[in-house]
2 protein chains.
Amino acid sequence: MPSSQPKATVTSFPDLSASVGGRIRDLRTQHGISLTALAVATRLGKGTLSELERGQRNPTLDTLFAIATALSVPLGDLLLTESSDLVRGRPHGAHVHGQSIDAELIGRWTESAEVVEVYRMTVFRGRRKSRSHTQGVVESITVVSGEIAVGVSDDPAHLISGQSHTFLADQDHFYEGLVHRSSTVLVMRYPMTPETAGEHGE
Amino acid sequence: MPSSQPKATVTSFPDLSASVGGRIRDLRTQHGISLTALAVATRLGKGTLSELERGQRNPTLDTLFAIATALSVPLGDLLLTESSDLVRGRPHGAHVHGQSIDAELIGRWTESAEVVEVYRMTVFRGRRKSRSHTQGVVESITVVSGEIAVGVSDDPAHLISGQSHTFLADQDHFYEGLVHRSSTVLVMRYPMTPETAGEHGE
DNA sequence: CTCCTCTGTTCTGTTTACAGAACGATTATG
DNA sequence: CATAATCGTTCTGTAAACAGAACAGAGGAG
């Protein structure tokens with residue numbers, strides 16, 4: 001028996017709690033709900049959530065599960081901060097967070113003189129405006145689940161699960177979640193520029 | 001302590017703790033190490049692990065992390081019960097070759113009770129028939145470049161760059177390239193089955 | 001301006017997860 | 001058969017996660 005163990009209370013990483021807490025806060029604000037509302041939904045104490053989001057707590061499994069359920073995300077998503085999911089070892093996986101959207105790059109290649117990028121994009125309730133990108137950007141979005149409005153301001157489309165829409169994104173456009181959470185796949189296509197030309201050699 | 005209060009320490013699901021505990025016990029025995037050895041490795045109490053594996057505890061994030069580290073699995077893997085999320089260990093780049101098509105899996109996750117898979121699919125000139133898959137498979141295809149005909153035999157669609165089509169793939173369908181080479185993104189969605197839910201290599 | 005409602009924070013007491021020791025149950029070793 | 005390992009379980013005191021109330025700041029309505 002290695003009796004010389006100091007109790008030490010290693011507390012593993014203070015930043016683990018902090019990172020999980022930050023992720024929870026991000027998800028909550030993306031859903032546009034207040035801390036009090038989340039407390040009601042999860043049947044957790046308000047103060048508990050406050051300290052938890054600030055990384056000053058070491059939450060239990062039950063607590064994490066209650067939060068994940070209320071935020072409609074799988075339990076693992078609360079823990080996937082940085083370290084875990086880069087095990088995939090791909091340069092992909094870059095996350096883009098934004099007003100009411102959360103996108104992950106899952107594929108990227110070049111096609112003739114164009115760059116093609118595929119995102120798994122989650123759209124939360126609310127509207128996200130997007131300025132024009134590079135000249136000649138074409139976006140195709142397919143709704144996996146949920147319901148969204150999307151497209152250029154003049155001619156938007158209303159999409160439900162299984163429907164798609166393609167539009168020119170080199171003008172002002174928007175993504176608007178019409179339910180709590182919608183899952184989509186976004187294909188973005190734009191002309192290869194000198195900078196993007198040399199990237200990511202096949 | 002028969003707390004007659006309705007608050008009752010909701011404890012969400014007793015089976016959640018039990019399921020996570022069981023998973024830990026499985027992993028530990030798979031590693032061929034004893035409970036005492038794991039206690040040393042994790043710097044956790046022996047009794048703590050015992051009760052935890054039997055589902056009589058509600059472990060904290062720190063505890064889970066310590067165990068995951070000692071067992072060399074990502075943290076999320078301890079929580080993968082039925083509502084598994086990101087399917088890892090399934091490296092991207094799995095290729096599917098077939099008559100006149102060539103598909104690469106670039107994304108896969110679960111959405112509610114469905115599995116979503118995203119493929120970068122290249123369609124060459126010619127026709128490829130596909131038998132019905134599992135019940136309830138929905139496919140959405142977006143053409144990035146080229147020109148194809150696709151869908152169920154009764155009601156096919158003719159697509160050019162930027163267009164999409166969604167159809168039920170649990171019946172006979174086909175992909176037909178109308179030019180030398182067409183680039184597409186295919187989103188496939190099907191109900192989660194016990195096998196796809198989470199497999200435990202016994 | 002005052003009042004009101006909302007935000008998120010910090011405070012108290014209770015419940016409980018935890019470490020570590022004591023326990024019993026099983027299998028080796030002579 | 002003894003007895004000595006180690007296995008996993010159950011016990012006991014302490015630190016902390018939790019619920020809920022009291023608190024403080026920021027807008028909004030009148």
Side-chain angles (χ1 to χ4, degrees), chain A residues 1-14 16-18 20-71 78, chain B residues 1-14 16-18 20-22 24-71 78-79:
Chain A
M1 154 170 52
S3 53
S4 59
Q5 285 299 5
K7 74 165 186 173
T9 312
V10 183
T11 318
S12 56
F13 289 84
L16 175 64
S17 296
V20 172
R23 174 119 187 110
I24 291 171
R25 173 153 292 189
D26 285 349
L27 285 169
R28 177 175 63 80
T29 50
Q30 275 181 354
H31 278 238
I33 65 174
S34 77
L35 204 149
T36 342
L38 184 59
V40 172
T42 57
R43 308 242 182 252
L44 291 170
K46 192 164 45 168
T48 301
L49 289 171
S50 175
E51 293 181 331
L52 205 157
E53 289 186 350
R54 291 169 53 94
Q56 299 172 353
R57 276 282 174 83
N58 177 21
T60 64
L61 181 59
D62 260 10
T63 301
L64 290 171
F65 181 76
I67 295 168
T69 305
L71 294 175
L78 296 184
Chain B
M1 60 308 276
S3 56
S4 52
Q5 290 294 1
K7 80 160 185 168
T9 314
V10 182
T11 320
S12 54
F13 288 84
L16 175 64
S17 296
V20 171
I24 291 171
R25 172 154 292 188
D26 287 349
L27 286 169
R28 178 174 63 80
T29 50
Q30 275 177 3
H31 279 236
I33 64 176
S34 77
L35 203 150
T36 344
L38 183 60
V40 173
T42 55
R43 305 218 188 274
L44 290 170
K46 190 164 47 168
T48 300
L49 289 172
S50 174
E51 294 182 329
L52 204 158
E53 289 186 348
R54 293 172 54 92
Q56 299 173 352
R57 276 283 175 81
N58 177 21
T60 64
L61 180 59
D62 260 9
T63 301
L64 291 170
F65 181 76
I67 295 169
T69 305
L71 293 175
L78 296 184
L79 316 170

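Naming: A, B, ... by sequence-line order, numbering from 1 per chain. These numbers come from the heavy atoms of this one structure, side chains and all, not from hydrogens, waters or symmetry mates.
Per the geometry, CG belonging to A/Leu35 stands 13 Å off C1' belonging to C/dT10, to the nearest Å. The interatomic distance linking A/Leu64 (CG) with D/dC18 (C1') rounds to 13 Å, in whole Å. Between B/Gln56 atom CD and C/dC18 atom P there is a gap of 13 Å when expressed in whole angstrom units. Between the CG atom of A/Leu44 and the C1' atom of C/dT9 there is a distance of 17 Å, rounded to whole Å.
Between A/Arg28 and C/dT7 there is no side-chain N or O to OP1 or OP2 distance below 4.0 Å. Phosphate contact (OP1/OP2 of C/dG20, side-chain N/O of B/Arg43, threshold under 4.0 Å): absent. Neither OP1 nor OP2 of C/dA17 sits under 4.0 Å from any side-chain N or O of B/Thr48.
Among the nucleotides C/dC18, D/dA17, C/dT9, the one closest to any side-chain atom of A/Asn58 is D/dA17. The side chain of A/Thr60 sits closest to D/dA17 out of C/dT7, D/dA17, D/dG8. Comparing C/dG8, D/dA19, D/dG8 by their nearest atom to the side chain of A/Arg57 picks out D/dA19. Here the nucleotide nearest the side chain of A/Thr63, chosen from C/dC18, D/dC18, D/dT10, is D/dC18.
The residue B/Ser34 sits close only to the backbone: its heavy atoms come under 4.0 Å of sugar-phosphate atoms, none of a base. Across all strands shown, A/Leu49 has no heavy atoms under 4.0 Å from either base or sugar-phosphate atoms.
Judged by distance alone, the side chain of A/Ser17 and the main-chain N or O of A/Gly55 form no donor-acceptor pair under 3.5 Å. Using modelled atom types, one side-chain atom of A/Ser34 and one backbone atom of A/Ala37 make a donor-acceptor pair closer than 3.5 Å. In this structure a side-chain-to-backbone donor-acceptor pair under 3.5 Å is present from A/Thr69 to A/Phe65.
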### Nucleic acid footprint by protein, nucleotides 21-27 of chain D - heavy-atom cut-off 4.0 Å, B for base, S for sugar-phosphate alone
-B-----
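Between A/Asn58 and B/Thr60, the shortest heavy-atom contact is ND2-OG1, 3.2 Å.
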### Message
side-chain contact (heavy atoms from CB on, under 4.5 Å) for A/Leu49 and A/Ile67? Distances and angles first, verdict last.
### Response
CA-CA 9 Å; A/Leu49 289 171; A/Ile67 295 168; 3.7 Å; yes
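With sequence neighbours left out, the side-chain contact (heavy atoms from CB on, under 4.5 Å) criterion links B/Arg28 to B/Arg25, B/Ile33, B/Leu35, B/Leu38, B/Glu53.
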